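See structure below.
These numbers were taken from a predicted model, which means no experiment stands behind them.
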Protein chains: 4
Amino acid sequence: MHRGNRHGRSEQARLAVLHAADDLLVENGFARLTVEGIAQRAGVAKQTIYRWWPSKTDILFEAFVTDAAEEITPPDTGDLTRDLITYLGALARFLTASDAGAVFRALTAESQHDPALAARLRQEHWTGQRVRDRQLLQRAVERGDLPAMADLDTIVDRLVGPLYYRALVTGQEITTEFVTELVRATIDAK
Amino acid sequence: MHRGNRHGRSEQARLAVLHAADDLLVENGFARLTVEGIAQRAGVAKQTIYRWWPSKTDILFEAFVTDAAEEITPPDTGDLTRDLITYLGALARFLTASDAGAVFRALTAESQHDPALAARLRQEHWTGQRVRDRQLLQRAVERGDLPAMADLDTIVDRLVGPLYYRALVTGQEITTEFVTELVRATIDAK
Amino acid sequence: MHRGNRHGRSEQARLAVLHAADDLLVENGFARLTVEGIAQRAGVAKQTIYRWWPSKTDILFEAFVTDAAEEITPPDTGDLTRDLITYLGALARFLTASDAGAVFRALTAESQHDPALAARLRQEHWTGQRVRDRQLLQRAVERGDLPAMADLDTIVDRLVGPLYYRALVTGQEITTEFVTELVRATIDAK
Amino acid sequence: MHRGNRHGRSEQARLAVLHAADDLLVENGFARLTVEGIAQRAGVAKQTIYRWWPSKTDILFEAFVTDAAEEITPPDTGDLTRDLITYLGALARFLTASDAGAVFRALTAESQHDPALAARLRQEHWTGQRVRDRQLLQRAVERGDLPAMADLDTIVDRLVGPLYYRALVTGQEITTEFVTELVRATIDAK
DNA sequence: TTTTAAGCGAGACGGTACGTCCCGTCTTTAG
DNA sequence: CTAAAGACGGGACGTACCGTCTCGCTTAAAA
């Protein structure tokens, strides 16, 4: 088995750390997530962690980026309203009920006090996510379902913003009715 | 001078702690905000802090609740569109540029990993804030500027949600154009 | 009941403190004897203790001086050897098995690092105790049972020294045989 | 330089702690000897102290056992009386005037309230010290200077007991005359 | 085939902050 | 004026993790 030597790092150790961090975050919350705890759970030396990750948020980041992108990729069936309702429902579930969402919430929380993490989230997550979010609307424009001069960026924010707001900020429940009304009022009224 | 005895705690110590916590948060960020640091800055014994506040977030909470409410109270001039644009602009400034907003962001961040804090924020902040946010729309309904059967809760979320989203989640800038377009699309189209 | 007012100090509080200190010392040992603990046990305010006793050793001192003197007063039946054996046996029991002895051991221990306490012990205890110890020998001299030019001070130390040594320093058991042999060798051989 | 790793602790840190404890005890007395103070003086982390020593008395104990044994080892010139006078004089100086004696007094004092320390002192100090003390008499017996059936244990206690008593308990001065008379009365009279 | 150097588990290290305990001082109200 | 009550500023406690470091083992490419 590959355990790490002069010719490269141990993939086994890397995965053990990522999974341990993920598990411990979900089990105990971010506040009780420690590098020592991750090392012990992963059966790995602390130094191995510090060799490859500058901080515990970087571990979470790596765990997040790899498996979170596809969880919140919008569908594309050609029916804009239906696609949006499906997508926003999946987004709500991601934010409030999934393990990957827990990691995302932890990272977003930390980014409030950590500008470097905030920048990294913007570059490595939001850039791509915004493109994915726009694509759904872009294709609707191309189909003629939305007017060509619509400000897609603003529309994206008007659609997903209230969901993130409820999920991360006020903690209000996100019902099917809320999502339906949100989509109807934002899209159909145009 | 009142120094605290059997008949009550020291108001002087209480204020010194609140101000020290506020100052240190703004100066150094949440990560470097320590109870020992607050005690030292406030000229207060650590035990005095632990006697009255269970954790450093409770200190921030008390500092926040007292002075933050009025900072984000919507105006009421009778012109809904103008009031909304004014209010959302003030909200954006609060979230991104004010000291009280820094405390708010720190509390919201911590509430991601602290359900008790999340519950307290809902009860002691959001309950009141939601009422204040609705009032602006409620008065417009009473004036006949909005249809009577409008779902005001959803409209509130559609107005403020995108702002919190940009300010706390994606970190995008909140321009005047964005606010104007948001209000126009949400209100005027009705 | 007298509880202390402008006409003088409360004897009730004084006794409650002395007994509480005594009890707590025997129950928990000196290390866990605290002023707060004594105050609580005695049902007395901390300030009342600090008003009358400079430190917790002073409380113990007062408790000791009052009731310990008579516990180790030598007998006087006219039979020097028998009196000495009786006395040294009582002294051994005092040092190793009595509550008053526990207080004495604690005070002697503290006096190793507290010169003021050491001085007070010398003046208020040892001065008198030495006189009491000498009297036994003095009367034997007067009866002609000891030579007139005997150095009584040294004889006292040669008699009690080994007991204190075993009880406080090495922790060896003090048997009847040890006491008997000690007295025989010290007195009878003269 | 050896800094401590899985293969053993740092000898450098160990010695720094022992010397710091010794110095601070002599400078400030036992009451003001704190683990934090030792750590700071030794340039060592508190955790390093707690990792290897259960309490500050264990630090003193280690400092004492290593260097105190030889300070109070009796001489052996073949002249019992002279050897005893020399030895008891050195013992008196050790108890009242040496740094190692200060550590010894502190440990003996603490052992009054700490049975574990008392047991450790008996096992690791007194067992050996008693053998060393007896040897002087044992050799005198072998030379015929003392009767073969003498109870050497009791004689040891009768010689050193009064010294410990004066040094640790009553605080009386230990003069040359006192030592001379003690040896004369104990030995020569046999 | 042997050497060698990087990655590894282990864990001691100097350090910071934690939350608790107790110190000795103080202020208030009651008797 | 003494007492009970108890909040206060202070200091040390013993613990948990931080991020750094050294050690001896494993291992695969280089010599």
Can you give me every donor-acceptor pair (side chain of residues 100-113 of chain D, partner residue at least two apart or in another chain, under 3.5 Å) with its distance?
from	atom 1	to	atom 2	distance (Å)
D/Arg105	NH1	D/Leu95	O	2.5
D/Thr108	OG1	D/Phe104	O	3.0
D/Ser111	OG	D/Thr108	O	2.7
D/Gln112	NE2	C/Leu168	O	2.5
D/Gln112	NE2	D/Thr108	O	3.4

Give, ordered by number, those residues of residues 37-61 of chain B having at least one heavy-atom distance below 4.0 Å to an atom of DNA chain E; if nothing qualifies, reply none.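 Residues of residues 37-61 of chain B under 4.0 Å from DNA chain E: B/Lys46, B/Gln47, B/Tyr50.
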I'd like a table of donor-acceptor pairs (distance under 3.5 Å, sequence neighbours excluded) in which one partner is a side-chain atom from residues 26-35 of chain A, with atom names and distances.
from	atom 1	to	atom 2	distance (Å)
A/Glu27	OE1	A/Arg41	NH1	3.4
A/Glu27	OE2	A/Arg41	NH2	2.5
A/Thr34	OG1	A/Gly37	N	2.8

Take atom CD of D/Gln40 as the centre, draw a 6.0 Å sphere, and report whether it contains more than 12 heavy atoms from other residues, nucleotides or ligands. no
Which residues share a ring pair (Phe, Tyr, Trp, His ring centres under 6.0 Å) with D/Phe61, sequence neighbours left out: none
Does the cation-pi check pass for D/Arg14 over D/Trp52, that is, NZ or CZ under 6.0 Å from the six-membered ring centre and within 45° of its axis?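 Not satisfied by the 6.0 Å and 45° rule.
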Take D/Thr48 and D/Arg51 through the test side-chain contact (heavy atoms from CB on, under 4.5 Å) and record every step on the way to the result. CA-CA 5 Å; D/Thr48 298; D/Arg51 183 154 31 229; 3.6 Å; yes
Below 4.0 angstrom, which residues in residues 18-36 of chain D have at least one non-hydrogen atom near DNA chain F?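 Under 4.0 Å from DNA chain F: D/Thr34, D/Val35, D/Glu36.
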What residues form a side chain to side chain contact (heavy atoms under 4.5 Å, CB included) with D/Ala16, not counting sequence neighbours? D/Ala42
